[in-house]
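Each ligand, and each atom within it, is numbered from 1 in the order the structure gives. No experiment lies behind these values; they were computed from the predicted model shown. What you see below is based on every heavy atom in this structure, not just the backbone, and it leaves out hydrogens, waters and symmetry mates.
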Amino acid sequence: MKRLLAAIGLLSTGFSAQSHEYLSLDELGSAFGWDFENAEIKSQAVAPGLYVLFGVGGNVMASIGDQGVLMVDSQFPEMIPRISRKINELGGDKIDFTINTHWHFDHANGNPLLGREGTWMVSHIKSRRMMAGAHEVNLVGMVYEQPPLPIEAMPVITYTDDMQFHFNGELVELLHFGPAHTTGDTAVIFRNSNVVHMGDVFNASYPFIDAGNGGDLNGMIRFCREVLARLDEDSVVVPGHGPVLGYSDMEQYVLMLETVRNRINTMIGRGMSLEDVIAAKPTAEFDEKYGNPARLIDRGYMSLSR
Ligand SMILES: [Zn+2]
């Protein structure tokens with residue numbers, strides 16, 4: 001508890017990227033307000049047989065049809081029985097495939113339970129590599145050391161540039177465009193339904209960039225631009241966290257990131273320290289829409305300073 005309070009204290013005073021006080025997952029959960037005991041899975045249909053499932057952690061998607069169930073991301077082990085029940089309610093049976101958009105705990109920690117039930121996990125090769133080891137995730141003001149996933153939780157199928165599923169009458173495109181939120185992000189386009197799951201490359205609030213593990217602000221912008229070029233104005237865009245959004249929301253988000261990136265770059269060019277950049281409020285006019293910019297500025301500054 002003392003460590004948690006310390007972390008919240010660090011959070012309120014701003015930026016302590018140097019802190020190496022690790023938080024446990026429970027402490028992290030308390031800090032983020034996760035309620036594993038009472039959280040229910042809510043579903044939203046985005047196309048026939050295609051659903052977004054909201055619980056605790058990253059947004060999950062499920063394609064449910066004649067050939068079975070293909071899921072995107074797995075949240076936490078506590079949520080898996082509830083996700084499975086919801087999928088059954090929606091007409092699905094067992095989960096055949098789960099695509100992990102990336103290796104972070106709030107998108108992949110449900111994998112061990114799925115693996116034991118016979119689900120095949122799929123990810124970008126660099127995400128699988130990260131899942132195999134222990135890694136510090138510096139969330140700015142709090143640091144979590146993510147342990148390696150057990151073998152049954154690991155993707156059995158990986159790809160490098162792109163990959164396709166042909167499942168439930170749908171072309172499912174897995175796309176990767178280099179380092180962005182992490183080094184192994186995947187966008188999943190359900191082509192026939194015109195829906196994309198962006199993982200944490202796109203969020204309803206300011207994004208977190210895992211710069212300590214190779215994440216990159218310029219890369220996030222490039223990744224979003226590449227995906228937008230493969231969508232149209234009617235596309236449904238599912239962010240890693242937050243409500244279901246659309247093409248213009250992601251377009252505005254990229255413009256925001258480009259504006260903030262250009263400002264921070266200029267400030268770095270003038271020799272400004274992180275503290276100076278924070279004080280100069282490079283995100284000011286976007287804060288009402290996207291929330292607290294602390295993580296974006298800290299991790300953006302780090303990735304642009306390299
Ligand atoms: Zn993430």
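Between L90 atom CG and I87 atom CD1 the span is 7.5 Å, to the nearest 0.5 Å.
When atom types are taken as modelled, the side chain of R270 and the backbone of T266 share no donor-acceptor pair closer than 3.5 angstrom. In terms of modelled atom types and a separation under 3.5 Å, the side chain of N111 and the main chain of A153 share a donor-acceptor contact.
Between Y206 and F286, the distance from one ring center to the other does not fall under 6.0 angstrom.
Ring pair F105/F76 is tilted by interplanar angle, where 30° to 60° counts as tilted.
Of all protein N/O/S atoms, those lying under 2.8 Å from the Zn ion (ligand 1) come to 4.
Residue H181 is tested with H124, H104, H107 for a ring pair (Phe, Tyr, Trp, His ring centres under 6.0 Å); the sole match is H104.
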